[in-house]
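Numbers here are sequence positions counted from 1. Quick note: numbers below take in every heavy atom, side chains included, and nothing from hydrogens, waters or symmetry partners.
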Amino acid sequence: MAAPYRCVECNEEALELHRDYSHGIIKITICKSCQKPVDKYVEYDPVIILIDAILCKVQAYRHIILNANINIHWKLCIFCLLCEAYLRWSHLQDSQQTVDPTDIIRYAKEWDFYLMFGLASLELTAFLSGVFFFLWLTKQDFIQKKSNLNMLLIALLLSGYGKLLVIPVVIWEHDDSPLYINLIKFFVLASNAQAVRVVLNSSRKFALSVISVGWMVERFTAYIFQHLKWST
C-alpha cells in the first residue's frame with residue numbers, strides 16, 4: 001500500500017507528517033531520504049504557504065496537492081469561471097453601449113453573461129482535455145489509474161487560483177487591464193505547469209510541454225467559437 005504523504009523536498013513517500021506525543025508535544029517527521037522535515041508547512045501560517053505558492057515553489061505545491069486535504073477545487077473553479085465571465089461580459093458591455101432601458105435589452109445583456117460563462121467553461125474543458133489527451137499519448141501508465149486522474153484534475157483546478165486576480169480589474173477597471181490580464185494568464189499557466197510537475201514528478205520541460213498542448217487546444221477552441229459567432 002502506497003504511503004499517504006510525500007516529502008516536500010525530495011518527493012519521497014512518508015507514512016506521517018508529524019507525531020503527537022503526550023502533553024500536546026508534536027514532533028515533525030524527518031524524511032529518511034533527504035534528512036529534512038517531510039512537510040515543514042504543517043507548522044507554517046496559511047499566509048506563508050500562499051506566498052510560497054504565488055512564488056511557484058515546488059515545496060508549497062507538494063504540500064497543497066499531495067499532503068493537504070483540500071476539497072474546495074470545484075468551488076474555486078466555479079468562482080474563477082464567474083470572475084472570468086463577468087470580466088468578459090463587462091468588456092462586452094463597454095463595447096456595446098446603449099441607452100435603451102427596455103427589458104429586452106436588459107435580458108439580452110443577462111444572456112450575454114451566461115454566454116460568457118459558457119465560453120469560459122468550454123475553454124477550461126478544452127484545456128483539461130488537451131492535457132489529458134497529451135498524457136494519454138505520453139504517460140499511459142499514469143493516465144490509466146483513476147486516482148491519478150483525480151489528483152491531476154484537482155491539482156489543475158487548484159492551481160488556477162490565479163484567475164482570482166482579475167477581481168481588482170473588475171473593481172477598479174484600469175486602463176492597462178489588457179496587459180494585466182495577459183500577465184494573469186501567464187501566471188496561471190506557470191502555476192498549472194508546477195502542478196503537473198508535482199503530480200507527475202516530472203521535469204520542468206515536460207510539464208511545460210503538457211500545459212502548452214492544453215493551452216493550444218484551449219486557444220483553438222476559442223478561435224473556432226469566435227469564428228462561428230462572426231459567421232452568424
Side-chain angles (χ1 to χ4, degrees), residues 1-15 17 31 33-34 38-39 41 52-53 56-81 84 118-164 184-225:
M1 181 177 179
Y5 304 109
R6 294 294 184 116
C7 175
V8 298
E9 301 293 342
C10 65
N11 201 47
E12 187 70 20
E13 294 183 346
L15 295 175
L17 301 179
C31 178
S33 177
C34 65
V38 170
D39 194 340
Y41 289 103
D52 280 0
C56 287
K57 290 187 176 181
V58 67
Q59 294 89 347
Y61 276 76
R62 284 184 180 136
H63 166 76
I64 295 171
I65 297 172
L66 302 178
N67 295 339
N69 186 22
I70 300 178
N71 296 316
I72 62 169
H73 48 282
W74 287 116
K75 294 179 181 178
L76 178 64
C77 174
I78 296 299
F79 191 68
C80 289
L81 289 175
E84 188 173 354
L119 177 59
S121 302
L122 178 63
E123 291 180 3
L124 176 61
T125 302
F127 171 77
L128 295 174
S129 300
V131 168
F132 289 134
F133 179 72
F134 182 76
L135 291 178
W136 181 76
L137 294 176
T138 58
K139 297 275 188 179
Q140 288 192 7
D141 293 340
F142 175 87
I143 210 71
Q144 287 176 354
K145 295 182 180 180
K146 186 177 180 180
S147 59
N148 291 340
L149 285 176
N150 290 336
M151 181 182 295
L152 181 59
L153 177 61
I154 292 173
L156 289 172
L157 294 180
L158 288 177
S159 62
Y161 71 95
K163 295 178 182 179
L164 297 178
I184 290 176
K185 291 179 179 179
F186 177 80
F187 173 74
V188 171
L189 292 175
S191 299
N192 292 151
Q194 196 72 302
V196 170
R197 181 186 174 195
V198 166
V199 174
L200 272 64
N201 193 28
S202 63
S203 65
R204 184 179 290 106
K205 182 178 180 180
F206 180 79
L208 289 174
S209 299
V210 174
I211 296 303
S212 297
V213 171
W215 178 78
M216 286 188 291
V217 174
E218 175 188 334
R219 290 296 88 206
F220 179 75
T221 302
Y223 172 79
I224 293 297
F225 180 85

Undergrad: Can you tell me how far apart CG (L200) and CE (M151) are? Round to the nearest 0.5 Å.
TA: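 Reported to 0.5 Å precision, the distance equals 10.5 Å.
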Undergrad: Should Y41 and D52 be marked as a side chain to side chain donor-acceptor pair (under 3.5 Å) after you check the CA-CA gap, both sets of side-chain angles, and the distance that decides it?
TA: CA-CA 10 Å; Y41 289 103; D52 280 0; 2.8 Å; yes
Undergrad: Quick check: closest heavy atoms across V213 and G130, and the distance to 0.1 Å?
TA: CG1-O, 3.8 Å
Undergrad: Do Y61 and V196 have side chains that get closer than 4.5 Å, going by heavy atoms?
TA: no
Undergrad: In sequence, state the C-alpha distance, the side-chain angles, and the governing distance for S33 and C7, and then conclude on side chain to side chain contact (heavy atoms under 4.5 Å, CB included).
TA: CA-CA 9 Å; S33 177; C7 175; over 6 Å; no
Undergrad: First locate atom CD1 of I72, then atom SG of C77, and finally report the distance between them rounded to the nearest 0.5 Å.
TA: 11.5 Å
Undergrad: For S159 versus S191, what's the shortest heavy-atom pair and its separation?
TA: O-CB, 3.2 Å
Undergrad: Could you tell me if the side chain of T125 sits less than 4.5 Å from the side chain of T221, heavy atoms only?
TA: no
Undergrad: Look up atom CG in L66 and atom CG in N11, then write down how far apart they are to the nearest 0.5 Å.
TA: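 With rounding to 0.5 Å, CG (L66) is 6.5 Å from CG (N11).
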Undergrad: Please, which pairs that meet salt bridge (charged side-chain N to carboxylate O under 4.0 Å, His left out) have at least one residue in residues 200-222, sequence neighbours excluded?
TA: E123-R219
Undergrad: Is it true that atom CZ of F79 has more than 12 heavy atoms of other residues, nucleotides or ligands lying nearer than 6.0 Å?
TA: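 Not more than 12 within 6.0 Å, no.
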Undergrad: Take H63 and I70 through the test side chain to side chain contact (heavy atoms under 4.5 Å, CB included) and record every step on the way to the result.
TA: CA-CA 10 Å; H63 166 76; I70 300 178; over 6 Å; no
Undergrad: Taking the side chain as every heavy atom from C-beta outward, state whether N148 and I143 have any pair of such atoms under 4.5 Å apart.
TA: no
Undergrad: Any side-chain heavy atom of I211 sitting closer than 4.5 Å to one from R197?
TA: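 Counting from C-beta outward, I211 and R197 never come under 4.5 Å.
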Undergrad: Indicate the atoms forming the closest heavy-atom contact of E9 with C34, along with that distance.
TA: CB-SG, 4.0 Å
Undergrad: Of the non-hydrogen atoms in V38 and A14, which two are nearest, and what is the gap between them?
TA: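 In this case the closest contact between V38 and A14 is CG1-CB, 3.7 Å.
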Undergrad: If you apply the rule side chain to side chain contact (heavy atoms under 4.5 Å, CB included), what do you find for N192 with V188, and how did you get there?
TA: CA-CA 6 Å; N192 292 151; V188 171; 3.6 Å; yes
Undergrad: Once rounded to the nearest 0.5 Å, what's the spacing between atom CG of L208 and atom CG of L189?
TA: 9.5 Å
Undergrad: Please round to the nearest 0.5 Å and tell me the distance separating atom CG of N67 and atom CZ of R6.
TA: 9.5 Å
Undergrad: Passes side chain to side chain contact (heavy atoms under 4.5 Å, CB included), I65 versus I154? Steps please.
TA: CA-CA 8 Å; I65 297 172; I154 292 173; over 6 Å; no
Undergrad: Do F206 and V210 have side-chain heavy atoms sitting under 4.5 Å apart?
TA: yes
Undergrad: What heavy-atom pair brings V8 and Q59 nearest, and what distance separates the two atoms?
TA: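 Of all heavy-atom pairs spanning V8 and Q59, the closest is O-CG, 3.2 Å.
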Undergrad: Quick check for you: to the nearest 0.5 Å, what is the distance between F134 atom CZ and S209 atom OG?
TA: 5.5 Å
Undergrad: What residues form a salt bridge (charged side-chain N to carboxylate O under 4.0 Å, His left out) with K139, not counting sequence neighbours?
TA: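 For K139, no residue satisfies salt bridge (charged side-chain N to carboxylate O under 4.0 Å, His left out) once neighbours in sequence are set aside.
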Undergrad: Considering non-hydrogen atoms only, spot the tightest contact between W215 and F127 and give its length.
TA: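 That would be N-CD1, 3.6 Å.
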